[in-house]
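Have a look at the structure below, then the notes.
In listed order, ligands and their atoms are each counted from 1.
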Amino acid sequence: MKLRVGIEAMGVAVPRRFISIEDLAERRGVDPAKYTHGLGAREMAIAEPGEDTVALAALAAQRALAAAGNRELGMLVVGTETGVDHSKPVASFVHGLLELPRTMRVFDTQHACYGGTAGVMAAVEWIASGAAGGRAALVVCSDVARYGLHTAGEPTQGAGAVAMVIAQDPAMLELDVGISGAASSHVHDFWRPLGQREAQVDGHYSMRCYTDALATAYRGWKQRAIARELVLGDGIASEQLARICYHVPFCKMAKKAHVALRALDFAELGRTDTDDAAAASFAAQVEPSLAACSRVGNIYTGSLYLALLSALDASASSLVGKRLGLFSYGSGCTSEFFSGVVGARAAELSARAELASVLAARDRISIDEYERIMGLTAPLGQPASFRFTGVEAHRREYARD
Ligand code: CAA
């Protein structure tokens, strides 16, 4: 019997501070419209060292588990680009901080921003295979995205975590298991050498790598989706998806991706007319997913899932039973286009993530304060649900307040 598998519940954690992107533009002597309209940003989350990948992951995971209610877990995966140790995974710290059961698989998955999707796929296929035996998985995407002060990437930084409980008969989103398209190639578009806190990036090239990967991954998904009659091949396939959530390194990238996707559909239908509906399609299918991303910035592995939560938060009740497309991109690069159908209790479950309150609870800081925090290596030591407190005998220590 085919098992129905997907996202049961979600939880989000962001640093307690943010800056206004217009304040940053003003300080850098840049026209604010470049950042707001050119990149689509509004605010950017700023993590102090105490709010590291582990602390953010633990808080998001705690919230997702509370939203899901009582679930027997058999797997914990953390997808991250910003691990805290060469050997011990972030997932191991989260497992300990949340005092999760001993009888679980616990590991990290890494491939830049795709790491979270690698975890989601591992969990989904584990459950779909029957190996989970009715148990659920906890998948957490957690990152601190840093390019450094005065770099072109500076306005596209951010930090945060999105956790998901993946389960059988999911309430939020049932994934179309096995209907996905992947694309990978060995490119140096974005990477972070060992020992460096800031990423290296070939910015404009990275955008081309993203759209090239999207084309191949989307074609793969479309072929399988048409074969299984999830979409009709004689129409514009992407228009048959109620929403498309993209990986969002900055919001304008999602717009570029969507334009590229439609161009591909047009080309495959042999259409040479201009795409008059492109703007309306973006506004209806993609824009609702960008609200939180525009206020947090890039959170690498979690960006796609923050976009998904935003889309559901905005209009889950009108999306019940409808199919969404999702595109995950990890530089280097690998990517996957996949899809899922919104569950009957998606509105209730997305409301439990309390996205608006999580964002509203933050404090806006000045650019002076942001620059000071970016230079810190030791935690500020403020109370928090979970926080990194320092290194003792080569061991990273955490506190729960
Ligand atoms: N008013 C309005 N718009 C303006 C403007 C103004 N005064 N000045 C410039 N703009 C527009 C530009 O026209 C451009 O828009 P279009 O691309 O639509 O033409 C936009 O603002 C950005 O301008 P530039 O391209 O000149 O900006 P830049 O070269 O300074 O840097 C960037 C942009 C390359 C994205 C840089 O921020 C960067 O390197 N970011 C990190 C890399 C990244 O996010 N890559 C995404 C793909 S890789 C990925 O997805 C994985 C990942 O998470 C990292």
Hey, can you pull the donor-acceptor pairs under 3.5 Å for the side chains in residues 178-185, sequence neighbours left out?
from	atom 1	to	atom 2	distance (Å)
S180	OG	E336	OE2	2.7
S184	OG	T334	OG1	2.7

What are the distances between nitrogen or oxygen atoms of ligand 1 and protein nitrogen or oxygen atoms, counting only those under 3.5 Å?
from	atom 1	to	atom 2	distance (Å)
ligand 1	7 (N)	D31	OD2	2.9
ligand 1	17 (O)	K256	NZ	2.6
ligand 1	18 (O)	K252	NZ	2.8
ligand 1	18 (O)	K256	NZ	2.9
ligand 1	25 (O)	H204	NE2	3.4
ligand 1	27 (O)	K34	NZ	3.3
ligand 1	29 (O)	H204	NE2	2.8
ligand 1	30 (O)	K34	NZ	2.7
ligand 1	37 (O)	A152	O	2.8
ligand 1	40 (N)	T156	OG1	3.2
ligand 1	45 (N)	S206	OG	2.8
ligand 1	50 (O)	H247	NE2	3.3
ligand 1	53 (O)	H247	NE2	2.8
ligand 1	53 (O)	N298	ND2	2.9

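R28 pairs by the side chain to side chain donor-acceptor pair (under 3.5 Å) definition with E154, E371, not counting sequence neighbours.
Between D52 and R396, at least one side-chain N (NZ, or NE/NH1/NH2) sits under 4.0 Å from a carboxylate O, which counts as a salt bridge.
Sorted by first and then second residue, the side chain to side chain donor-acceptor pair (under 3.5 Å) pairs with a member in residues 53-73 read E8-R71; sequence neighbours excluded.
A 4.5 Å side-chain heavy-atom check between V77 and V140 finds every atom pair outside the cut-off.
The only option from Y305, F190, Y329, Y114 that meets the ring-ring contact (aromatic ring centres under 6.0 Å, His included) definition with Y300 turns out to be F190.
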